[in-house]
Amino acid sequence: MASRQVKLTQAEPGSILYHYTKSNGINGIVNHNCFWATKSDFLNDPDEFSYITRIIEAVCEENIKKESQKKMFLRDVLEEAVFLAGGKNKEYFVLSFSNCRDSITMWSEFGSKTGYNIGLDSEKIVQRIGEANVIDYHGFVIYDSEQQKRLIRKIISDYLPELFQTPFERILEAGEKNPEDPVYRKACRKFQKIAAVYAMFFKHEAFKEEQEYRFIFKKQKGTEVNFREKDGFMIPFIKIQLSEENLPVKEIMVAPQNHIDLAKKGMEYMMKSKGYRVPVHLSDIKLRY
């Protein structure tokens, strides 16, 4: 299967994954054991799914010598709708965590005045999410452009030649002679499937401080899609519901500008009332405004 060719680094046992959210978000997580996963083409980085096209173009520039074949292949695989949606005829939703315990970048995105993050045992939260939901992919976002190129290059240099038992150059030659050549068309589809998944895990290195860890869920038949309002527009999301057992929480962090006594005190009381015995810490980042 093409999905087996997707190479992602997953959280190590014993590590903690942090979910940054606002006060209403952490209230829903703790009181209802429910996370929200956002539709993949509604995430905060507007360039996120066009970014991979530049990586693919760079790899093709380096590895396809004949200009006409390069243009042909790029034309046939770089369908915007495929990469925006995560694949043809598919809808994916993304649930994000971070490897960073106290990040000014993450606080600025998720509310430095009313925000919290909830630290969870990585191994246990993966297990808990997977018990009640189908996780299609999960792993760390990749920010290093050279690593991104290596992964894309591996598709055309290793996976496709092995799958079709023919060099990639021959696949391109067949497509140039006959655009409807079945091997060439299938090779393009296979490439798209793998690259569309990588599109959800490749980000520009400017975002590397996020240290993001993503869970990807494919919309299943019968899945209810909900909507939340943000800055005057509607964002689709699905609920990732977990069982009633308490979550594997290790700690709670309070945002930098949320340092009033009641923020920490109220969170400690809520966690205790739900049966949690976990520390609640104030951010170490000091901000005046």
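Position 1 is the first residue of the sequence; numbering continues from there.
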What is the minimum heavy-atom distance between [X] and [Y], and which atoms define it?
X      : Y      : answer
Asp284 : Asp102 : N-OD2, 2.8 Å
Phe168 : Ile156 : CB-O, 3.3 Å
Ser103 : Tyr20  : N-OH, 3.0 Å
Val134 : Phe217 : O-CD2, 3.3 Å
Lys239 : Phe237 : CG-CE1, 4.1 Å
Pro167 : Pro161 : CA-CB, 4.4 Å

Should the pair [X]-[Y] be classified as a salt bridge under the 4.0 Å nitrogen-to-oxygen rule?
X      : Y      : result
Lys66  : Glu169 : no
Lys264 : Glu268 : yes
Glu173 : Arg170 : yes
Lys203 : Glu212 : yes
Asp76  : Arg185 : yes
Lys70  : Glu57  : no

* **Single-linkage hydrophobic cluster, 4.5 Å side-chain cutoff, Ile56 and Met72 together** => yes
Heavy atoms, side chains only, cut-off 4.5 Å: are [X] and [Y] in contact?
X      : Y      : result
Leu172 : Tyr184 : yes
Thr21  : Trp36  : no
Leu247 : Tyr276 : yes
Ile252 : Ile26  : yes
Arg128 : Pro248 : yes
Glu210 : Val141 : no
Asp121 : Ile125 : no

* Dump the intermediate steps for ring pair (Phe, Tyr, Trp, His ring centres under 6.0 Å) on His204 and Tyr143, then the final yes or no. => CA-CA 6 Å; His204 192 279; Tyr143 303 97; 9.6 Å; no
* To do: Might you confirm whether atom NZ of Lys219 has over 12 heavy atoms from other residues, nucleotides or ligands at distances under 6.0 Å?
  =>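 Correct, the count exceeds 12.
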* Report the residue from Ile55, Leu74, Ile152 that forms a side-chain contact (heavy atoms from CB on, under 4.5 Å) with Cys60. =>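 The option that passes is Leu74.
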* Exercise: do Glu251 and Tyr18 side chains pair donor with acceptor under 3.5 Å ->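 Yes, side-chain donor-acceptor contact under 3.5 Å.
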* Asked: Are Glu176 and Ser68 linked by a side-chain donor-acceptor pair shorter than 3.5 Å?
  -> yes
* **Positive for ring-ring contact (aromatic ring centres under 6.0 Å, His included) with Tyr213, one of Phe97, Phe140, Phe201** =>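 Single pass found, and it is Phe140.
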